[in-house]
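Everything below concerns the one structure shown next.
First listed ligand is number 1; within each ligand, the first listed atom is number 1.
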Amino acid sequence: MTWTVTWQRRREREQLDDVHDVAALRPIRGEYYIFFNSLEGYSINRRANPNTRSQGLSYPSTQHPLASSSILMGLSTAYSPAGSRLVTTPLGAGAAQLLRPRRTPLATVRCSVDAAKQVQDGAATVAPEKPASRKGFGVFSTIYDLKADSEHCKSKSWKKLVSIAVSGAAGMISNHLLFKLASGEVFGQDQPIALKLLGSERSFQALEGVAMELEDSLYPLLREVSIGMDPYEVFEDVDWALLIGAKPRGPGMERAALLDINGQIYADQGKALNAVASPNVKVIVVGNPCNTNALICMKNAPNIPAKNFHALTRLDENRAKCQLALKAGVFYDKVSNMTIWGNHSTTQVPDFLNAKIDGRPAKEVIKDTKWLEEEFTLTVQNRGGVLIQKWGRSSAASTAVSIVDAIRSLVTPTPEGDWFSSGVYTTGNPYGIAENIVFSMPCRSKGDGDYELATDVLMDDFLWQRIKKTEAELIAEKKCVAHLTGEGIAFCDLPEDTMLPGEM
Ligand SMILES: NC(=O)C1=CN([C@@H]2O[C@H](COP(=O)(O)OP(=O)(O)OC[C@H]3O[C@@H](n4cnc5c(N)ncnc54)[C@H](OP(=O)(O)O)[C@@H]3O)[C@@H](O)[C@H]2O)C=CC1
Ligand SMILES: O=C([O-])CC(=O)C(=O)O
């Protein structure tokens with residue numbers, strides 16, 4: 001038997017072949033669900049449709065989310081056999097949450113202002129006889145009585161759950177970041193979150209340890225934790241993707257090789273985001289070389305707005321603010337309008353022309369131009385490397401703090417007149433920087449997750465020459481990964497072996 005299924009949320013059609021034993025087509029709270037008893041050996045073909053995400057995606061029957069013995073799906077329309085209409089369902093508000101294939105272990109502990117929209121009774125109790133793989137963790141995958149919970153708990157005032165994927169989740173940066181996310185200091189004290197942690201064979205056990213620590217921290221806002229190794233599962237419906245995992249550059253490894261290895265990771269993750277993430281997912285790429293990784297990820301996710309991709313240069317901004325504050329003898333929060341231009345590498349340009357200290361141009365407050373042009377610039381460019389020499393590993397805690405800052409800059413309005421730095425797509429930029437690369441520039445946000453580039457910036461020869469140098473490096477990096485961005489055959493001719501901040 002062949003079924004063609006239209007998913008309401010993305011208007012996708014999936015043709016399910018060899019579906020056996022449809023147990024029931026049942027209405028639950030005004031929506032229809034198909035229950036399958038057995039799907040062994042089935043396959044899925046997506047129709048060739050330019051608007052369909054993840055064309056050509058195929059799942060081995062053991063990996064596909066539907067490959068369990070009892071399945072619950074929300075439909076807008078189902079046809080059987082292909083083409084002949086079986087049933088059309090009017091789907092009410094809030095249906096979107098229930099429209100994807102539901103894997104019970106992931107979708108259990110939810111508590112928010114509207115408990116009626118959460119998974120409860122009928123839906124959640126349809127447990128697979130043989131769960132595919134364990135994704136939810138510990139108490140986070142236990143079903144409990146949400147009705148009873150909502151009567152007493154403070155969750156009544158909470159906002160709708162925000163779902164956040166983190167890759168490299170068992171790594172050093174994540175070890176700081178995850179706890180900040182869970183504590184509410186990033187998205188707010190009324191914002192429940194789900195954490196979806198992406199690991200690998202290498203790290204899976206460590207990831208379980210991370211989940212145990214999250215569990216033991218009793219964070220009330222942390223409503224779900226799931227762990228997985230497949231980005232197509234972990235990224236499903238996520239609102240934010242914090243992409244930290246990347247292979248570190250080893251001794252003797254060429255930068256081109258690093259670009260290729262990590263680029264491949266980000267190409268795969270871009271495809272997965274394109275296929276299954278929330279269509280307006282915000283993506284922050286941290287894994288190095290982060291600008292070019294972000295470009296690769298973006299190019300592999302054509303259905304997600306290019307503006308949604310960021311390469312983390314906030315750590316560089318924070319480092320630059322620290323240096324200016326120390327030199328001027330003021331507290332850090334007196335430094336504003338700090339731009340990092342370009343690549344997160346030793347060619348990055350910390351901009352002292354536009355920076356302000358206590359509302360005044362930094363050059364007026366720090367009259368030592370030689371210090372600004374040489375020592376300040378070099379200190380910021382090489383800060384990561386010096387830290388590695390002293391600490392024995394790259395910045396982790398301060399990087400996590402800067403990821404928090406980067407997210408908060410997008411979800412809260414930028415203070416009047418100020419801006420923040422982020423590596424974003426250059427196409428359409430007002431400065432004359434080459435198009436079609438990811439380049440750190442000054443941004444402002446209304447607090448809606450989006451940003452605009454600042455236009456009230458000064459430019460002089462010193463600044464422009466340095467911008468051109470970091471731009472040339474990024475253009476060369478892009479040529480090196482053309483095979484991963486769909487822009488032809490890669491040609492690697494990096495002008496010089498410039499370094500990541502940590503590679504001195
Ligand atoms: N943009 C910025 O400002 C900064 C960026 N960074 C970068 O962030 C990244 C993560 O740093 P950190 O958390 O300290 O690193 P860790 O080494 O602690 O963790 C990195 C994670 O990357 C994952 N990974 C993915 N692919 C590979 C691979 N092929 N080989 C090895 N590990 C892999 C591993 O997780 P798993 O096995 O689960 O995939 C690992 O846990 C690095 O690329 C680093 O250079 C660091 C500081 C600042
Ligand atoms: O090079 C590294 O891995 C560390 C890094 O990016 C930084 O400290 O800015």
Ligand 1 versus [X], non-hydrogen atoms closer than 4.0 Å: side chain, backbone, both, neither?
{"X": "Asp316", "result": "neither"}
{"X": "Leu312", "result": "both"}
{"X": "Thr399", "result": "side chain"}

Just jot down the ligand 2 atoms closer than 4.0 angstrom to any heavy atom of Gly384, in number order.
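It comes down to these atoms of ligand 2: 8 (O).
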His344, any N or O under 3.5 Å of ligand 2 N or O
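Yes - when backbone and side-chain N and O of His344 are compared with those of ligand 2, one distance drops under 3.5 Å.
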Where does [X] meet ligand 2, judged by heavy-atom distances below 4.0 Å: at the side chain, the backbone, both, or neither?
{"X": "Arg319", "value": "side chain"}
{"X": "Arg383", "value": "neither"}
{"X": "Thr399", "value": "neither"}

In plain terms, say whether [X] and [Y] are close enough for a salt bridge, that is, a side-chain N and a carboxylate O under 4.0 Å apart.
{"X": "Lys479", "Y": "Asp493", "result": "no"}
{"X": "Glu416", "Y": "Arg444", "result": "no"}
{"X": "Lys180", "Y": "Glu185", "result": "yes"}

Do you see a donor-acceptor pair shorter than 3.5 Å between the side chains of Asn343 and Glu471?
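Result is no, nothing qualifies.
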Looking only at side chains, do Ser395 and Arg319 share a donor and an acceptor under 3.5 Å apart?
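Side-chain D/A pair, Ser395 to Arg319: present.
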Would you please classify the geometry between the Phe352 ring and the Phe462 ring as parallel, tilted or perpendicular, with 30° and 60° separating the classes?
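Phe462 and Phe352: tilted rings.
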Taking distance alone, with N or O pairs closer than 3.5 Å, would you say [X] contacts ligand 1?
{"X": "Asn288", "value": "yes"}
{"X": "Ser174", "value": "no"}
{"X": "Ala170", "value": "no"}

To the nearest 0.5 Å, how far apart are OG1 in Thr347 and NZ in Lys468?
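Between Thr347 OG1 and Lys468 NZ, I get 13.0 Å after rounding to 0.5 Å.
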Contact with ligand 1 for Cys290, non-hydrogen, under 4.0 angstrom
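Within the 4.0 Å threshold, so yes.
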Given [options], identify the one with the heavy atom nearest to [atom].
{"atom": "atom 38 (O) of ligand 1", "options": "Ala169, Ala246, Ser203", "answer": "Ser203"}
{"atom": "atom 30 (N) of ligand 1", "options": "Arg393, Met172, Lys247", "answer": "Lys247"}
{"atom": "atom 4 (C) of ligand 2", "options": "Ser395, Ser394, Ala246, Ser402", "answer": "Ser394"}
{"atom": "atom 33 (C) of ligand 1", "options": "Arg202, His344, Gln264", "answer": "Arg202"}

Looking at Phe235, is Lys196 sitting on its ring face, NZ or CZ under 6.0 Å from the six-membered ring centre and within 45 degrees of the normal?
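Relative to the ring axis of Phe235, which defines the angle, Lys196 lies outside at least one limit.
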